[in-house]
2 protein chains.
Amino acid sequence: MSVTRRRLLGTGVLTAAGAAASAAGAARPAAATTAAQADVAIVGAGLAGLVAARRLVARGVSVIVLEARDRVGGRVYGLPLGNGSTSEGGAEFIGPTQDRIAALAAELGVRTFPTYNTGKNVYWRNGRRTLYATDGFLGAVPPDIGVVELKLAMTRLNAMARDFPVGEPWRHAQARELDADSFEGWAHRNSFTPSARFLLGALIHATMSIPSREVSMLYMLNYIASAGNESTPGTVERLIDTKGGAQETRFVDGSQEIPIRLAAALGDRVRLNAPVRRIAVDGAGVQVTADGITVTARRAVVAVPPALAGRIDHSPALPARRMQLTQRYPMGSVTKVVAVYPTPFWREDGLTGQVLSDSGPVDVTFDNSPPSGTPGILMGFISGSYARGLDAAPPERVRAEALESFVRYFGARAAAPTHFAAQRWDTEVWSGGGPVGYAPPGVLTDFGSALREPCGPIHWAGTETAGHWTGYMDGAVRSGERVAEEVGRAL
Amino acid sequence: MSVTRRRLLGTGVLTAAGAAASAAGAARPAAATTAAQADVAIVGAGLAGLVAARRLVARGVSVIVLEARDRVGGRVYGLPLGNGSTSEGGAEFIGPTQDRIAALAAELGVRTFPTYNTGKNVYWRNGRRTLYATDGFLGAVPPDIGVVELKLAMTRLNAMARDFPVGEPWRHAQARELDADSFEGWAHRNSFTPSARFLLGALIHATMSIPSREVSMLYMLNYIASAGNESTPGTVERLIDTKGGAQETRFVDGSQEIPIRLAAALGDRVRLNAPVRRIAVDGAGVQVTADGITVTARRAVVAVPPALAGRIDHSPALPARRMQLTQRYPMGSVTKVVAVYPTPFWREDGLTGQVLSDSGPVDVTFDNSPPSGTPGILMGFISGSYARGLDAAPPERVRAEALESFVRYFGARAAAPTHFAAQRWDTEVWSGGGPVGYAPPGVLTDFGSALREPCGPIHWAGTETAGHWTGYMDGAVRSGERVAEEVGRAL
C-alpha cells in the first residue's frame, strides 16, 4: 500500500499524537498558515465534494478541497478490523436506479458483487425468533394481520410518493399538512395492530436510524419518492429490500475504494487535517479559512451536512433562513458494528445474515463478508435511542451488548468473533451523527429550499441536498454533479 | 451618557466599519491576541452569564466574561428608536413568581411599573375585529363554543402540569409518550372547533414564537409547569396573562437596565467583541479562545443557547449526547417591531393596546409606552412562519406590513408613526433566532439531561437550562445563580 493510499485511508501513517488531536476534532490551528488560490474552494472531501472537484477539474476549473479529517470519504469509511483489512463502517450498499454512483464506480474501475442474500431472514419480535423468506420486506412473515396492514400502508405510501416533487417537497400541494405530522403520527392513524406499527416504525429506523416520531411525514414521503430515478418512481420496497432494493449490491474491497480513487486522482488538490472555520465573501470572491490554510477563490462549495455547515462562521452573515435551517436538520444517531468469524456460519444454517428485530441494541444486521465468503463478517446497526443509550458507554460494553444481540439472532457461535470493531458516528465530530441529516416536522415547508439555494458565491452540496437518493451515496454523487454544473455556469 | 454606558448599550460609539463587521458576526480575529487568566471563563454576557459572574465575584472567585457582540444583554436589548431613546426589542416583562429577576432588579435599583392594561383587548379572527375584557385570556370573547373548549383544555393542561418534574421533564412517568407528540397533535385530539384549535396554537405562538406543530408536548408541559416558583405550581394563565401573569410588569428605562448595571459593576471583567471559537480542556483546566483574547481558567461557563454553544469547537470532543443536543434545540423565529406616536391614541378608544390575531405578520401586540404615557409606543410580535416569511425582506417591507397590521387593529392613526424600529432576532448571528431555544418531539427524552449536565470543567447556563421560568429573564437569572453555585462547589 502506497503512502498516499494509506494517507487517504486514514490508517497507518498518523503519529499517535496526530491521531489523538484529529480524533478530538479541534486541533489548534498550525502556527504557519499556507495561502492558496483556486477558482473554487470545496469544503469536505466526502463523495459530494470529491465528485464536485472531479467534475470541475474536468471542465478546466482549478479547485482545492479542504477536509477536516485525516482521511477522505466522510461517511464512506472502511473500518479497520485489526487484522489488516477493513469492513464498511459507513455507507455500504448500492441498488437499482442508483445510476450515478454506479456510473462513477464503473468509471473508476471499482467492482461490485451481490449482497449475500441466500436463505432466510430472522425476524425477532416480542422475544420470539421466526424466519422468513427474502423475497420482499417480510414477504413471508407468518400470517399476521399486521403484515396485511403494513402492505396496505406501503401501498398507500407508494401512491402518495408517485408524482411527488422529488427534492422539492415544499412544492407539494399538501406540503404544509404533511409537514405538520411526524411519520409516527401518520403510521398510528393508518395502522392499528402493534406489529404493523412496529414495522412501519422500522421503515424509518432501518433507513434513517431515528425514531419515527422525530421525522416529518413530508420528509419521509420525499425519501420514498427519491428512491428511484428520472424515469422510475421511488417506492418503499426499493428503499428497504435487498434484492431489487437499495441493499442489493456491495463493492469489492469496500465502498471506501470510491472516495480513495477520486482523491488519488485529485492529488494534492485535496488537503487533509484542514477543518474550515470561516468563509468570508467580498466583492472579489471568497476567502475560506481552515486550520493551516487559507484559500482565496471565486466560489465556494460547502459539501458537508447542514448541521456541520452551521458551525462555520460566515462574513457577512448568511440569510436567516439558511442559519435557522442549520439548527433544524439534525443528524441521525447510529453505530455500526462488525464482528469477524472464521466462516460465515449462519450460511450453513440457511440464513442470509439479515435480521429485523424489535430489541436492541443491534436491531438490523447484514452479512458483511467479502466476496469469497471468508472470513465471515456480521454487520449490525445500533440505531436511534439504542445508539444514544450507548454513546457514552465504554467500547467493551458496546461489544458485549452487540454480541449478545448477534447470539440472540444467530446462536452461540456468534459470541466469540476473532475481531470486532464499531464505528460510532455520533461521537465523530466531523459527522455529528449518521447516517444522514433529516427534517423534523415543520422544517421543510419553512426552510427546505435553503438546503440548496446558493448564498451569493457559496454553493451547497452533500447527500442532504440531493433530489433522487437523498441520504445515499448515489445522492451524494448526484449533489456533487449538480453543484459542479451550478458553479461551472456561475464562473 | 458615559462612554462606558454607551459601550455597554452598544449604541453610539462604534465606527461604521466596526458596526458592519460586528453585524456580520464574523469579524476577523485581531492580529494581536491578549492572554488572560481567571478562575472562571464565562461565555456570553447575557443575563445568565452576567449573573453567574456577579455571584462568583461575590464569592471571591475571579472571572472573565467573553461576549461576542459589541454590547451586553444578549436577548435583553433596548432597541434604539432614532429619537435618542430606546424601547424593548427583546425580553421585556416580568410577572408574579418571577422572584429571582425581581430580586435582582430591586438589588440593582431598577424600578418597575405596571404594563398598560386598562380597557379592552382586540381579538382579530377570520377577518372580524371584536373586543374583549382583559380579565384572563379571552375571558370575555363573545360566547363561542371554542372558548369553552379552550378553557377545558387549559384546565387539563394545568392539571397535567401539576406535580410535574419542573426542569427535568425526562423524569416524567409518561415522558416518552408525551415527547412523541407535538403540542399541535395533543391540541387537535383535545379540541374540535377551529377557534379552540387556533387559540391553543396561539398559546405556543404567543409565548415561543413557533408553530405548535414544531414543539414537543412534553416540552410545552414543562414550560407551563415552570411558570411558577418553588411553592406555586405553574399554570397556562400565568404564562399568558397580563394582570397576574408573565406580562404584568415592565422596567422603567427598559429591561436592558439590568444587564447594563450588572456589566458596569463587573467593569473590565467583561470583554466585548470577543466571540468564543474554541474551548480546550487539559489536566490543568480550560483554555477558552476568543477573537483577540485567550483565557486560561480552571472552569468554563457557557451561557449561550444550545444552538449557539454547538458552534464552539471543543478539544477533546464533547460527549455525543451533548453534541447531538445542540443540533436539536433550535431557536424560535421572531421579529419585534415598535412604532412611536405622539400619544397612545388607542387608550382614548378604550383599548389596552393588546391584540391577539389570526392574521400576520403582527399577531400579538402590547402598549410599550414609557410610564409617563408619552410618547405612545405600540409593540408587535412577528412570529413563527410570519417572521420566517419576512426574514429576507427589506426593512421597508417589514415596516409597511407591520403598520398595515397595526392599522387593522387600531385604525388609521396607526399608519404614520413618528419613528419605527424592528429587531429581527432571526438575522442576529449571536442569537440565531428568538425568543428561546425549544425542543421538538423526541429530543427531551433522549437528550434533555445534556442541557445542564457539566462536561468535565465545562458548565452550562442560559434560560434554556433553567427549571422555573425557562425561556424568561427569570429563568436566565436562575440559571446564572445555579451555575455559580455549581462552579463554586467544584472549584
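Computation of the quantities below employed the complete heavy-atom set of this structure, encompassing side-chain atoms and omitting hydrogens, waters and symmetry-equivalent molecules. If you're wondering where the values come from, they're calculated on a predicted model, not measured in any experiment. Every chain is numbered from 1, with letters handed out A, B, ... down the list of sequences.
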Let me know if B:Pro441 has heavy atoms under 4.5 Å from chain A in its side chain, its backbone, both or neither. both
Output for pair (B:Tyr386 OH, B:Asp363 CG), nearest 0.5 Å, gives 6.0 Å
Can you check whether A:Leu390's main-chain N or O pairs, donor with acceptor, with A:Arg424's side chain at less than 3.5 Å? yes
So which of A:Ala387, A:Ala320, A:Pro330 has the largest heavy-atom pair count under 4.5 angstrom toward chain B? A:Pro330
A:Ile312 versus chain B, the contacting section by heavy-atom distance below 4.5 Å: backbone
Check each atom of A:Ser333 against the heavy atoms of chain B and say whether the ones under 4.5 Å are side chain, backbone, both or neither. both
Answer whether the closest heavy-atom distance between the side chains of A:Asp426 and A:Thr335 falls below 4.5 Å. no
When only pairs under 4.5 Å are counted, which of B:Pro319, B:Pro211, B:Gly310 shares the most heavy-atom pairs with chain A? B:Gly310
Per-residue tally against chain B (heavy atom, under 4.5 Å) across A:Thr326, A:Asp446, A:Asp391 peaks at A:Asp446
Note: vs chain A, highest number of non-hydrogen pairs under 4.5 angstrom among B:Glu184, B:Glu428, B:Met331 is B:Met331
Relative to chain A, which of B:Glu214, B:Arg321, B:Gln324, B:Arg311 shows the most heavy atom pairs under 4.5 Å? B:Gln324
Taking side chain as everything from C-beta outward and backbone as N, CA, C, O, which of these in B:Arg189 sits under 4.5 Å from a heavy atom of chain A? Side chain, backbone, both or neither. neither
Spacing of OG belonging to A:Ser209 relative to OH belonging to A:Tyr438, to within rounding of 0.5 Å: 10.5 Å
Can you find a pair of side-chain heavy atoms, one from B:Thr445 and one from B:Glu177, that are under 4.5 Å apart? no
Counting C-beta onward and ignoring hydrogens, is there a side-chain heavy-atom pair between B:Val286 and B:His314 closer than 4.5 Å? no
Test the B:Arg322-B:Trp460 pair against the cation-pi criterion, namely NZ or CZ under 6.0 angstrom from the six-membered ring centroid and within 45° of the ring axis. yes
Who wins among A:Ala392, A:Gly185, A:Gly432, A:Gly437 for the most heavy-atom pairs under 4.5 Å with chain B? A:Gly432
Do the side chains of B:Ile279 and B:Ile458 get nearer than 4.5 Å, heavy atoms only? yes
Less than 4.5 Å to any heavy atom of chain A: does that hold for the side chain of B:Leu318, its backbone, both, or neither? neither
Quick one: what part of B:Met323 sits under 4.5 Å from any heavy atom of chain A, side chain, backbone, both or neither? side chain
